[in-house]
Amino acid sequence: MPHPAIRLPAFVLLALAAMTSNTHAADLPAAPKTALVIHGGAGFVPRDSINDADRRAYHAALNRALDAGNKVLSSGGSALDAVTAAVVVLEDAPQFNAGKGAVFNAKGGHELDASIMEGHGRRAGAVAGVTTVKNPIKLARTVMEQSPHVMLAGAGAEAFADTRPEIERVPNSYFDTDKRRQQLEKAQREEAAKDKREARTGDGDAPTYFGTVGAVALDARGHIAAATSTGGMTNKKWGRVGDSPIIGAGTWADARCGVSGTGWGEFYIRNAVAHDICARVAYRGDSLQAAADEVVNKIVPAAGGDGGAIALDSDGNIAMPFNSGSMFRGWIKLDGSRGTAIHEDEPMR
Ligand code: ASP
């Protein structure tokens, strides 16, 4: 303010007062509009097949992932950091089919796939078939940020990880769990019992549980990011790559919409599921819920597949459709309300 001895005309004083109050208004922190949605896989998991201790452990792991992502978002961090943080927690939780607890392939080992995408700049990174990377989502992000490529697979992805000391490595047996070994043995017994015609045509029973993990976040700047990580499908042929690391199939983010899918990957690839949901929002003006519902509940089942998806748009709307009876999931909405759930019609936890 001018020295009180200096007399200024009234209109100048008014203008100065207006400038001062504008500055104060601009300094006030706007209520941060952030949202987060996560999944730990879709599947046909009967309610009574989960005992109380396991149920508590699933909800606790989902809540830890929500907390990790939300800590980033509520302190003004990026959607990219938020989805990375949430997915790392889910990869480390042995309950889910990603990182520790990943399913076994037909050779009794683990090959992990992951991808990440940032909507506003359309940056993306992915890895497929990695075997010694503790947190594949971190390597996918490193491919995005530190290489000219979008996807690295197999030995090349491992060699890239060798050049990045910050990427933690583990023996392949680190990913083992008894539950997944039993699932492999059961799947192999069932396969052996199948008749030869089925084996020749490649027809098989629908898998009963998927378990991939994923996250989609909206940050205070209005940016969206999506991330997905998986061990793939039990008893998969070695070298098989599913939808999770494929941008547009298992993961997608653009300026208005982000998706992470979980389901029978071959059908998600053939139907470009994650991109199709966001394309319906972008090109047809569909609501996020209508777009996600139609793709997950009509297009995927009509093609013979099953699974679910989580989706989030730049207005903070969240959709979590699944056609498989259950999907481990959690959310924090724009208004701060949050919950985790496994089945349909489940009370919020
Ligand atoms: N979509 C994954 C895949 O096919 C499986 C899953 O969602 O659990 O590899």
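For clarity, every value in this text was computed on a predicted model and none was experimentally measured. Whatever order the structure lists them in is the order used to number ligands and atoms, beginning at 1. Heavy-atom basis, side chains included; hydrogens, waters and symmetry copies ignored.
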Are [X] and ligand 1 in contact, using a heavy-atom cut-off of under 4.0 Å?
X	value
G250	no
G41	no
S244	yes

Residues T84, R141; criterion side-chain hydrogen bond (donor to acceptor under 3.5 Å, both in side chains); working and verdict: CA-CA 8 Å; T84 308; R141 181 163 169 179; 3.1 Å; yes
Which of the numbered atoms in ligand 1 are under 4.0 angstrom from any heavy atom belonging to [X]?
X	value
T262	6 (C), 7 (O), 8 (O)
G265	4 (O)
G232	5 (C), 9 (O)
G211	8 (O)

Give yes or no for whether the N/O distance cutoff of 3.5 Å, strictly under, is met between [X] and ligand 1.
X	value
M233	no
G242	no
D243	yes
G261	no

Side chain, backbone, both or neither: H39 near ligand 1, heavy atoms under 4.0 Å: neither
Proximity to ligand 1 by part of A42, non-hydrogen separation under 4.0 Å: neither
All salt bridge (charged side-chain N to carboxylate O under 4.0 Å, His left out) counterparts of E111, not counting sequence neighbours: none
Within 45° cone of Y58 ring axis and under 6.0 Å: R55 NZ or CZ: no
From the candidates E266, K236, R240, the one that places a heavy atom nearest atom 4 (O) of ligand 1: R240
Carboxylate-amine/guanidinium contact K333 D335, below 4.0 Å: no
Ion pair check, D67 and R338, cut-off under 4.0 Å: yes
H39 and S260: CA distance, side-chain angles, deciding distance, side-chain hydrogen bond (donor to acceptor under 3.5 Å, both in side chains) verdict: CA-CA 8 Å; H39 72 79; S260 170; 2.9 Å; yes
T131 and H110: side chain donor to acceptor below 3.5 Å: no
Short side-chain donor-acceptor distance under 3.5 Å, N105 and N235: no
Inter- and intrachain pairs under disulfide bond (SG atoms under 2.5 Å apart), touching residues 101-194, at least two apart: none
